[in-house]
Every structure is written in C-alpha cells, then in structure tokens.
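Here is the structure we will look at, set down as structure tokens.
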Amino acid sequence: MEYILLSHGSGGKNSQRLLKFIYNCLGDIVINHSEDSGIVTITQDKLAITTDSYVIEPIFFPGGDIGKLAICGTLNDLAMVGGIPKYLTLSLMIEENFSFGDLKKILTSIKEEAEKAEIRIIAGDTKVVSKSKLDKIFINTAGYGIIEYSQNINSHNAQPGDAVIVTGDIGDHGAAIMAVRNDFESDLISDCASVVPLIKNLLDESINIHTLRDPTRGGLASILNEIAISSSVDIELEEVKIPIKDAVNGICDILGIDPLYMACEGRAVIICPENESEKTLKILRKTDTGKNAEKIGKVIDKSENPRLYLKTFIGSRRILPLLSREQTPRIC
Amino acid sequence: MKNPFKNNSQLIQLLQQVDKLLTLPPFTNRQYNFMEICGTHTVSILKYGFRNYFKGRINFLSGPGCPVCVTSQKDIDKVISLAQMGVRIATFGDLIKVPGSKSSLEEQMALGKKVDVVYNPLDCLKIANETDEEVVFIAVGFETTIPVIASLVLDAEKTGMENLSILPLMKTIPNILNFLLSNLENEIEGFICPGHVSVIIGKKPYKIIPERFEIPCVIAGFEPVDIGLAIESLVSQIRIQTSMVDNRYKRAVKENGNPAARRLIAEVFEQADVEWRGFGEVPASGLKLRERFSKFDAEKKFNIKVEKVAEPKGCICGEVIAGKKHPSECKLFGKECTPDSPIGPCMVSYEGACSAFYKYGEQ
Amino acid sequence: MCLAVPYKIISKKGIKAIADVFGIKKEIDIRILDDVNVNDYVLVHAGFAIQKLDQEEAKTTLDLLREISEESV
C-alpha cells in the first residue's frame, strides 16, 4: 500500500494497519499505546503544559519537516518557561491519498527529535479526512515538562538595565521557507531545532533568566514588542549586533521583507541581568546551536508607552513597530 | 562578506561632518527640504534611520516615484473593468490591493476573476501561450521597468501572439520633476534622483533642474553609504551655493545611462500626455505604444470606458506624492488606512510613502 | 521596486544568463546589456539585468567616503 485511504481512518482493519505502521516508525518512544489514555506518575509540584498545532507549506523544507517542527516547537515552548520536557501527545490529521513514504519520513523525524530530547509520547490520535478537506498533514501536540528550577521566568519580568541576548542567527527558518515557496534554488537551511539543551545549561549554571521567548511567528521584533508591553519597558536593539546571515539578508532584500520579523524555529531570546550576560554568552556558545549567540540590546526604562527601538547602522534610532499582519513578499 | 556600503564606520564620521556643515553659514536654524523621488529611497531613508537622524534639520519629502502610487484612480478603474469583462489580468503584485472607486483586483479575484501575479513581465508570454483567454498585462512602471515591458511587446509581436496585450500606464521621470517645480507650490531645495531610473536614462535629463530652477540634484544608490553620500552632496552644494547634477552612484549609473535599453523603449513607445494621481494630466510625462504596436494596446482592443472619478474621500495620497504633506498628516493614516486595509495606493505598495512610514515606526 | 543587491553571472546562453545572489540561483535576461560576461556583477530589475556594476567605481566611491569623512570642516 502506497497511499493513505479514507478507510485508514475508519476504525476497521485498515486503521489497525495504519496504527501499526505508525508504532513501527516511532518505536519505543511511544508508551501505553494500547489504552485509551496514557498513565504517568509525576511527583513534582510544578508542571509546564503547552499545546500547539502545526501547519506548514511545504511540509518538507531544507533543514527539517513538519514532524521535526512539531516536536522542536513543543519542546521549545516548554523550555521558554524553564520546563524540562518529559511527555508529549501527538495527533496526526492526514489527508486521504497522503503517501506512506512521506508519512514514514515525518515519523522518523519525530522519533529522532524525541530520542534526542529523551521524551516519551504518552497519547496519540490519528484521523484521515477526505481529499482537500485539509492540506496534506496537520500535527497537533501537547507537551508536559517539569519545572525544577527556582528562576522566575516570565514575560512580565524584563527589568531596566537587563541585557537582551539571542542564541543564534535570525530569520533562517522564514528565509528557507520563502526561498522554497518562491522556487529559488538556494543554500538556505531552516534553524529548526530544540533549544532545550541550551536553556538547561543556563538553568543548571543558575543564570538568573528574567524572560525567555522563542521568536517564532512574527520574528524577533514581534516577540520583543510583546515583552516590552508585558513588562512595561522600552527595549533598544543594536542593528550591528543582530546576527543575520548574508543570504538571509539577501533573500529579504529580494522579497522586500524584513528579517527582524521573520520566524525562527530554533532560537531563543534571553533577557537577564547585564552582569550575567557575559557568562550567559559563554555558556550558550559552548553548544553548536548557540555558537552565534550575541548580546543584541538592552532593556532601557520602565515605560507607560512601551516601545521597541532599533539603533541603526548610522547610530540613529527608530521604532520597530508591532506589525498587524504577516509579511507578504513583494512581487514587483 | 561585510557589505562596505551597508555597515561602514566611516559613514558615521561622514554624517558628523554633515552635522557640522549644517551649523555653519549659509545654513540657518531651520529645516531644509529634500525630496527623494524613488520609493526605494524613501524606504532606505526610514529603515536606516536617516529621517530621525536629521529631524528638525532636514525634512525628507517623498516624491512621485512609486509606480503604483502615481497611478490615477481612473486608471485603476480601467484595470478593474478589464477584470470584470472576464479578461485575464497579469500584474505586479502591488496593484492587487489598490482600491479603485468601486472594487479592487483582490475583490475581483475573490469573485472568481482570473488574476496572475508576475515578477517578470515576460512571464505573460507563457501565460498567454497556455490559454485561449485574452491576457492583459497591466504595464505600470518608470524607465527602469519600461525596457522590460518593451521586450514583452516585441516578443509578443515576434511570436505572433494574438491574445496578449498591455494596458499602457507607464510614466517617465524628468518631465514630472519639471512639472512639479513649475506648476505646484513647494519648497524643494534638493533632489535625490532615482538610482535605477538613472541607470537607464543617465545624468543628462536632470540637468534642466539645476540650470532652470537652481536646485541641486544628486543621483544615489540605496545602501546607507549611498544615502549618506547623497545627503552630503546636497548639503555641500547648498553650502557653496551651486547647483548641479552630482552622480554618487557611479558604480551603476554611467554618464549616458543604458543606451541599448533606451533604444528598446524608443522602438516600441512614444511620448504621451498621461494622468498622474494628484497632478492630473501632465504633458509628455508618460508613454504610449507606437502605431505599429497598436494591436497590443488593451485600451483600444477592449474599448475600455470609465467615468472620471474622484480620489478616495479624506485620502491625501496626491499631496503626499507631490511632497506637500507627510503621510502622518493624513487623518486616515494608521487608523482607517493601514497596510491591511489600505484606502490610498501609498499605503498599498511596499515602497509607498504611507506604507513605509507605517512599517518603519513613524506611526 | 529597486533592488540594490548585485547578482553575479555564473553562466550565459544567448540573451539569458544564470546569476547567483547569496547562493540563490536565478535565470535573468541580459538582452539590454551590450557586453556582459561570466563573473560580472549586475543589477537586476523585474528579471532583467539592467547594468553591470563597475568595481573600480565602487572603490572610488568608498575612497570618496573616506576623503570626505576625514576632511576638516
């Protein structure tokens, strides 16, 4: 059998076959798979719980696929509150006629990322829907992580004087996706990755992280605007310090979009006291995913009208506004 | 590789020099008005922070250099009426959201009319080849784009294409500057001439501005260093009370421009009086197809008739393009009119002044 | 919309060429350039190369920047 049929979601024999296929691909990262609910024992006081749905076109892109994106995205959301991921749930919504070959690739990515992060899948679901009711495959996850650390990490906690640090180059994911969508043959690769190891290192070393966010949809400028608003502070970034690959800048120029608003899928923005910024950078740069970490700005003052500013190449200052829609590439 | 035209510490020194110049005679303690004509210059000036850097000393006015913004409401209505006739429209993406007096291409698409977005006008040949439908390319653009449109017409003629035509809405730069200075009240004291229009037309067509109006001109590129050098040129010209066309984009703009491109333009098009948003009809400020190519003229082919219409109520795009007002002086700006739901064309186009002001934080 | 990013010609055939911009490969039309060769940098507009970039002039402009910025006013 090459393609998924509606009957694979019918509850009958074909459904059993599809489930068996999925379990085979995922192997022992799935636990409790014969029951209607997964049962786990948790003794800690504080749990982090997150859920997200993943829809992306194209589902395979340079540097990853929708499976890797779903796992890393969920892990990163947990890490952003200092949660160390333990369990995930996984729901697949699949369009009739989707190929088993592609499904296998996606499941293999899921397995790889889950193994790397040492997490287990405790519950799951599969639905098959008729053609054109959805586009290829959607994935929904929920993630459960344990909060073992005492740092009070949240969006309201950015303090005047704090340093703003980013763990790597900005906009790689957005640029790689844009390149594929526009039929550009390019070397761009998505930064899609788990930032859990980076964050765990910082927490282990007792870095006093005030605020932590992953700049996914809306990119760096959007999440820093959100932090500014939540913490009632002004934030200033320095254009020369923001790490952006030439190729990413290039494709942004061509398409008329701004890399500061482009999605990253393997980066985190860390706001911590200035006197811990050097140590933070040192810890981050030890790991491959954090080797281009950079201090890109600072929290300036408390503000009733919170703004994100950019100090440009010429030393001038302008506002980086919160834009109301996702950027669409210019054509002419 | 670091781009020396983008991130260059000497640029900061250069700007400090300009700062100093502005405190010395003949400069007095007031704002000087420079107009950048090209929309891409507007974007660079805002994006790299030049506007804020010189706040209170140099006032940058956006000129009539965004092809979508200068297209009149009546011409937009022609495009819509073509779509309503069931003609397949091929266009640059920016035009899709521009509201006509009753509808937009975006709305026509939602109603099921066929609209193809093209990046390269030559893509229209392929589209027309693969269909029996009538295909019309909406030919907006300045001298930079016109050679490409000329190539489309020539290729269509060569391949005997019967179902492809263009709606000629092309405009040319030098005469509109002349018109701006002769007919409209303004206080422009320096022009930053469009870099890539100049790549095609060269330096000579601007000479009338310093000669007749004694206003300094500078041809500039789009990187921060280019903008810095352009501002320095205008300030220096004012300082020594001279006016000329200074070319500070020599790596791209030759004295004589690109003659091969101009030959193509001249083969296909001839000068015409055309309508500009905000200005009305301006003599010899645009192009029409030569007689030999009249069968590629969609306006004739489909006998388009539209009523003369007013510009959207409250919208000051016309005054923005003329350099009379800033986007932020518009009552609709950032309120009823945003890039999500634009009322005037300057909020639609990526390089429209209103859209750039909105996006680069001058909200 | 004017695009300042230079494209590098990597191959050409008749009026078409393949150009590279930061690792991205694009086919462009070179019919309005009289003399364009592999390894030349060109400016591209709407799929057409509109001019060759003159490396010497680029250097001269950067020299001009240095001169002016070091001048005493």
Side-chain angles (χ1 to χ4, degrees), chain B residues 4-5 8 10-17 20-21 24 38-41 43-44 66-67 92 94 118-123 141 144-145 147-149 151 194-197 199-200 221-223 225-226 228-229 232 236 248-254 257-264 349-351, chain C residues 1-9 12-37 39-73:
Chain B
F5 286 94
N8 190 318
Q10 271 161 350
L11 173 59
I12 294 169
Q13 268 173 273
L14 174 92
L15 295 177
Q16 285 164 356
Q17 296 276 21
K20 255 190 249 164
L21 287 180
L24 301 172
C38 171
T40 312
H41 277 144
V43 169
S44 289
C66 150
F92 291 129
D94 273 3
V118 295
Y119 164 72
N120 178 341
L122 291 191
D123 293 343
T144 329
T145 317
V148 182
I149 300 168
S151 302
H196 289 175
V197 164
V199 162
I200 305 296
F222 303 98
E223 302 286 12
V225 165
D226 295 315
L229 283 169
E232 193 276 337
S236 292
R248 292 241 158 135
Y249 194 29
K250 283 190 179 158
R251 64 187 186 279
V253 177
K254 312 277 171 257
N258 181 335
R262 288 203 306 278
R263 277 196 299 275
L264 266 188
S349 173
Y350 170 79
E351 57 183 27
Chain C
M1 175 69 203
C2 309
L3 184 56
V5 190
Y7 286 52
K8 186 180 184 180
I9 305 280
K12 62 170 199 169
K13 194 177 177 190
I15 57 167
K16 302 282 181 191
I18 302 291
D20 176 292
V21 51
F22 298 115
I24 300 160
K25 312 273 184 295
K26 296 283 284 176
E27 189 187 69
I28 55 171
D29 197 303
I30 51 172
R31 76 177 75 178
I32 58 173
L33 288 188
D34 288 333
D35 176 32
V36 60
N37 297 304
N39 290 332
D40 281 346
Y41 284 91
V42 295
L43 287 172
V44 173
H45 183 85
F48 274 54
I50 56 168
Q51 191 55 277
K52 257 200 307 199
L53 277 176
D54 187 326
Q55 303 293 313
E56 283 305 309
E57 288 290 0
K59 277 194 206 110
T60 313
T61 301
L62 291 171
D63 288 344
L64 178 71
L65 170 69
R66 191 168 49 244
E67 264 170 50
I68 302 174
S69 65
E70 284 166 6
E71 242 168 46
S72 58
V73 177

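Excluded from the calculations below are hydrogen atoms, water molecules and symmetry mates; all remaining heavy atoms, backbone and side chain alike, are included.
Contact annotation for C:Ile50: both backbone and side-chain heavy atoms come within less than 4.5 Å of a heavy atom of chain B. With a 4.5 Å cut-off on non-hydrogen atoms, B:Val199 touches chain C through its backbone and its side chain both. In this structure, the portions of B:Ser151 lying under 4.5 Å from any heavy atom of chain C include both its backbone and its side chain. Neither the backbone nor the side chain of B:Ile12 comes within less than 4.5 Å of any heavy atom in chain C. Interface residue B:Glu223: only side-chain heavy atoms are found under 4.5 Å from chain C. Heavy atoms closer than 4.5 Å to chain B are found in the backbone of C:Lys52, but not in its side chain.
Side-chain atoms of B:Gln10 and C:Glu70, non-hydrogen and from C-beta on, do get closer than 4.5 Å to each other. The shortest side-chain heavy-atom distance between C:Leu65 and B:Gln13 does not fall under the 4.5 Å cut-off.
Exactly one residue among B:Leu11, B:Leu14, B:Asn8 makes a side-chain contact (heavy atoms from CB on, under 4.5 Å) with C:Ser69. That residue is B:Leu14.
Rounding to the nearest 0.5 angstrom, the gap separating the NE2 atom in B:His196 from the CG atom in C:Leu43 is 4.5 Å. Annotation: the span from B:Phe5 atom CZ to C:Thr61 atom OG1 amounts to 5.5 Å, rounded to 0.5 Å. Separation of atoms NZ (C:Lys26) and OH (B:Tyr119) is listed at 6.0 Å; rounding is to 0.5 Å. Atom CZ of B:Arg251 and atom CD of C:Glu57 lie 10.5 Å apart (nearest 0.5 Å).
The two atoms that bring C:His45 and B:Val148 nearest to each other are O-CG2, 4.1 Å, heavy atoms only.
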CA sep, side-chain torsions, deciding dist, call: C:Ile68, B:Glu232, side-chain contact (heavy atoms from CB on, under 4.5 Å): CA-CA 9 Å; C:Ile68 302 174; B:Glu232 193 276 337; 3.4 Å; yes
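Qualifying salt bridge (Lys or Arg N to Asp or Glu O under 4.0 Å) partners for C:Asp63, counting only residues two or more places apart in sequence or in other chains: C:Arg66. With sequence neighbours left out, C:Asp29 forms a side chain to side chain contact (heavy atoms under 4.5 Å, CB included) with B:Leu122, C:Ile15, C:Lys16, C:Arg31, C:Phe48.
When atom types are taken as modelled, the side chain of B:Gln17 and the backbone of C:Glu71 share a donor-acceptor pair closer than 3.5 angstrom. Looking only at distances, no side-chain donor or acceptor of B:Asn258 sits under 3.5 Å from a matching main-chain atom of C:Leu33.
Heavy-atom pairs under 4.5 Å with chain C were tallied for B:His41, B:Arg263, B:Arg262, B:Lys254; the largest tally goes to B:Lys254.
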